[in-house]
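Structure first, then comments.
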Amino acid sequence: MSDTATKHEVLLRVDDLVKHFPIRGGLFKQVKSHVRAVDHVSFEIERGKVLGIVGESGCGKTTLGRTVLRLTPRTAGKVFFKDKDIFEQGKGNLLKLRTKMQIIFQDPYSSLNPRLPVNEIIGEALVQHGMVKNKSEMMDRVIDIIEKCGLFPEQACRYPHQFSGGQRQRICIARALVLNPEFVVCDETVSALDVSIQSQIINLLKEMQEHLGLTYLFISHDLSVVRFISDQVGVMYLGELVEYGEKNQIFNTPRHPYTEALLSAAPTFDFAELRTRKRIILKGDIPSPVNPPSGCRFHTRCPFAQELCSIESPEDIEVEPGHRVRCHMASGKISASGH
């Protein structure tokens with residue numbers, strides 16, 4: 001395969017993914033309703049690229065990441081990893097895919113077994129997948145990866161409670177990377193860390209991406225971190241991907257009112273930008289995903305909402321190559337001046 005073909009190879013493709021959680025009640029625990037956590041989400045990530053997913057808490061970012069890895073069963077839709085639908089794979093093939101698709105969880109402490117030393121936490125997957133012949137080879141692999149992640153060899157026999165928060169996250173990164181994966185979901189990887197430690201972990205992720213040729217789905221609510229690490233950005237609202245495109249398209253020319261509101265609220269130390277920025281205050285709270293609004297889900301908080309927005313759901317419109325927006329303004333059905 002040529003370098004150009006490899007560069008533009010789509011490693012992961014998500015088609016119309018849906019994940020609803022049933023709400024049960026009554027004497028026989030019948031399904032009363034559903035939490036619409038992810039609703040008809042589509043995107044693709046090229047090999048070696050980073051797609052950042054942003055949005056308010058509760059918008060479905062984490063559920064999206066877990067469903068993409070088949071850690072959570074889907075309701076509908078397809079997820080293709082190297083042209084293989086992961087939901088159509090049997091147990092044997094899925095086990096092989098697990099070595100190529102990994103996740104780094106949000107809370108490093110709760111995702112580590114407190115009863116095991118670091119070498120076993122990181123090395124148990126190597127043993128399970130038959131990637132090492134003996135304990136000595138496992139230790140060599142563990143020492144190699146923890147050194148790459150900024151830890152010392154003598155720390156391999158310590159337990160999770162003996163490490164700081166930043167060190168625990170390095171352990172989680174080492175555990176994900178020891179299997180030599182191609183795709184990694186980073187679920188709020190730095191949100192629980194101090195700002196100084198955040199920068200170290202982000203730089204480590206960037207370094208490992210370049211060194212190992214990794215592809216990331218980077219989930220975060222921190223726009224500055226997403227802007228630094230991502231190549232493409234997807235903006236989620238109430239389970240839907242309302243805007244999706246290249247990083248510069250999203251940050252420089254946002255086309256959805258929700259994206260504009262998010263960017264206007266992002267902290268910045270650029271005083272010139274602060275003087276010219278127009279702060280957008282959204283009214284009301286996020287509606288419940290159990291009973292989302294009809295039509296456009298954002299219309300209850302949108303400053304440009306018109307009658308059509310409460311009746312008809314908008315479709316994805318490509319406003320420029322690679323830049324999709326789910327909004328009636330993008331399709332020209334309504335305009336900001338018409339409000």
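It should be emphasised that the depicted structure is a prediction, and the values quoted were computed from it without experimental measurement. Starting from 1, each residue takes its place in the sequence as its number.
The pair Lys78-Asp85 does not meet the salt-bridge criterion, since no charged nitrogen lies less than 4.0 angstrom from a carboxylate oxygen. Electrostatic pairing of Arg47 and Glu182 counts as a salt bridge here, judged by a charged N lying under 4.0 Å from a carboxylate O.
Rounding to the nearest 0.5 Å gives a distance of 9.0 Å between CD of Glu46 and CG of Asp231. Going from atom CZ of Phe218 over to atom CD of Gln209 covers 11.0 Å, rounded to the nearest 0.5 Å. To the nearest 0.5 Å, atoms CD (Gln102) and CD1 (Ile173) are separated by 13.0 Å. Within the model, atoms CD1 of Ile219 and CZ of Arg66 stand 10.0 Å from one another, a figure rounded to the nearest 0.5 Å. Here the straight-line distance linking atom CZ of Arg74 with atom OG1 of Thr72 works out to 13.5 Å at 0.5 Å rounding. Atoms OG and CD, from Ser294 and Glu312 in turn, are 11.5 Å apart once rounded to the nearest 0.5 Å.
Side-chain contact, Tyr258 with Glu240: no donor N or O sits under 3.5 Å from an acceptor N or O. Side-chain contact check for Asp222 and Ser224: at least one donor-acceptor pair (N or O, by modelled atom type) lies under 3.5 Å. A donor-acceptor contact closer than 3.5 angstrom is absent between the side chains of Ser42 and Asp16. Between His323 and Glu243, the side chains place a donor N or O and an acceptor N or O closer than 3.5 Å (distance only, hydrogens not considered). Counted by atom type alone, Gln200 and Arg170 present one or more donor-acceptor pairs between their side chains at under 3.5 Å.
Checking side-chain atoms of Arg98 against main-chain N and O of Leu69 turns up a donor-acceptor pair under 3.5 Å.
No cation-pi contact links Lys84 to Phe80, judged by a cut-off of 6.0 Å to the six-membered ring centre and 45° from its axis.
Aromatic ring centres of His256 and Tyr237: separated by at least 6.0 Å.
Put simply, the residue from Thr67, Val38, Val68 that forms a side chain to side chain contact (heavy atoms under 4.5 Å, CB included) with Val14 is Val68.
For Glu318, there are no side chain to side chain contact (heavy atoms under 4.5 Å, CB included) partners at least two apart in sequence or on another chain.
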#### Entry: Verdict with supporting geometry, Leu97 and Gln89, side-chain contact (heavy atoms from CB on, under 4.5 Å)
CA-CA 9 Å; Leu97 281 177; Gln89 304 302 309; 3.8 Å; yes
### Message
Would Lys19 and Arg36 count as a side-chain contact (heavy atoms from CB on, under 4.5 Å) here? Give the steps.
### Response
CA-CA 7 Å; Lys19 176 58 187 176; Arg36 302 174 183 273; over 6 Å; no
### Task
In sequence, state the C-alpha distance, the side-chain angles, and the governing distance for Tyr216 and Leu51, and then conclude on side-chain contact (heavy atoms from CB on, under 4.5 Å).
CA-CA 6 Å; Tyr216 292 145; Leu51 171 61; over 6 Å; no
